[in-house]
Amino acid sequence: KKQSEDTIIKVAVGCWFTASGKSIPQIAKYEEADGSLHTLHPIQVLKSEQKYYAGILSRKYVCRAVVDQIESGFILLYHPESGIWDMVIAEK
């Protein structure tokens, strides 16, 4: 049986920061290899946690959104040192 691979996509994210400093992703946009643009909005954050990958701080958001009328789950990773967002989609 072949192991599943996760797809990692660079995304642009609009994030709301509350007065208490909590961050909540609201919208994500990404471009596919063929140039087509996709928007995920609204994003529902199911949980978030601070993680360290190879000693580098990241913020992990477990999310879901409706994509083409189908509810899809995904992970957003925010890397505060670089200001970069990644979206991780688990392949089935």
Side-chain angles (χ1 to χ4, degrees):
K1 181 178 174 182
K2 183 183 173 192
Q3 265 190 327
S4 66
E5 294 289 324
D6 291 342
T7 301
I8 300 174
I9 302 168
K10 297 287 183 205
V11 292
V13 175
C15 190
W16 178 49
F17 292 89
T18 67
S20 64
K22 183 177 177 184
S23 54
I24 306 169
Q26 300 289 300
I27 185 171
K29 292 188 177 196
Y30 64 96
E31 183 176 3
E32 291 202 35
D34 65 4
S36 59
L37 296 172
H38 298 276
T39 301
L40 303 174
H41 181 264
I43 294 173
Q44 181 181 12
V45 177
L46 304 175
K47 73 176 188 176
S48 69
E49 58 187 332
Q50 189 167 291
K51 300 291 267 184
Y52 287 89
Y53 296 99
I56 299 171
L57 173 66
S58 293
R59 188 89 193 159
K60 177 181 176 182
Y61 301 87
V62 178
C63 307
R64 66 178 170 202
V66 176
V67 180
D68 298 326
Q69 301 176 352
I70 299 169
E71 188 173 275
S72 298
F74 55 94
I75 292 171
L76 289 175
L77 292 175
Y78 177 60
H79 311 283
E81 286 186 13
S82 61
I84 292 175
W85 289 84
D86 291 319
M87 179 170 60
V88 181
I89 302 169
E91 296 294 326
K92 295 183 168 94

Legend entry - R64 versus Q44, closest heavy-atom pair with distance: NE-OE1, 2.7 Å
Inset, instruction - For the residue pair T7 and E5, establish whether any side-chain heavy-atom pair is separated by less than 4.5 Å. - result: no
Legend entry - F17 reachable from L76 in the ILVMFWY side-chain graph, under 4.5 Å edges: no
Inset, instruction - Kindly work out whether a path of hydrophobic side-chain contacts (I/L/V/M/F/W/Y, heavy atoms less than 4.5 Å apart) joins V88 to Y53. - result: yes
Inset, instruction - Consider only side-chain heavy atoms of I, L, V, M, F, W and Y, link residues closer than 4.5 Å, and tell whether W16 and Y78 are in one cluster. - result: yes
Inset, instruction - Look at the aromatic rings of Y30 and H38 and report parallel, tilted or perpendicular, splitting at 30° and 60°. - result: parallel
Inset, instruction - Quick one: pull up SG in C15 and CD1 in I24 and give me the separation to the nearest 0.5 Å. - result: 7.5 Å
Legend entry - Check: Y52 and L57 side chains under 4.5 Å, non-hydrogen atoms: yes
Legend entry - Value rounded to 0.5 Å, distance of OG in S48 from OH in Y61: 6.0 Å
Legend entry - Minimum heavy-atom distance between K60 and K51, given as atom pair plus value: CB-CG, 3.9 Å
Inset, instruction - Inspect the surroundings of CD in E81 and state if more than 12 heavy atoms from other residues, nucleotides or ligands are less than 6.0 Å away. - result: no
Legend entry - CD1-CD1 distance between I89 and I9, expressed to the nearest 0.5 angstrom: 4.0 Å
Legend entry - Pairwise distance CH2(W85) to CZ(R59) - rounded to 0.5 angstrom: 9.5 Å
Inset, instruction - Please report the shortest heavy-atom distance between A28 and V13, naming the atom on each side. - result: CB-CG2, 4.2 Å
Inset, instruction - Over all heavy atoms of both residues, which pair between P42 and A65 is shortest? Give the atoms and the distance, please. - result: O-CB, 3.6 Å
Legend entry - Nearest atoms (heavy-atom pairs only) where S58 meets H79: OG-ND1, 3.0 Å
Legend entry - Heavy-atom closest pair, residues I43 and L40: CG1-O, 3.6 Å
Inset, instruction - State plainly whether one hydrophobic cluster holds both V11 and V45, where clusters connect Ile, Leu, Val, Met, Phe, Trp and Tyr through side-chain heavy atoms under 4.5 angstrom apart. - result: yes
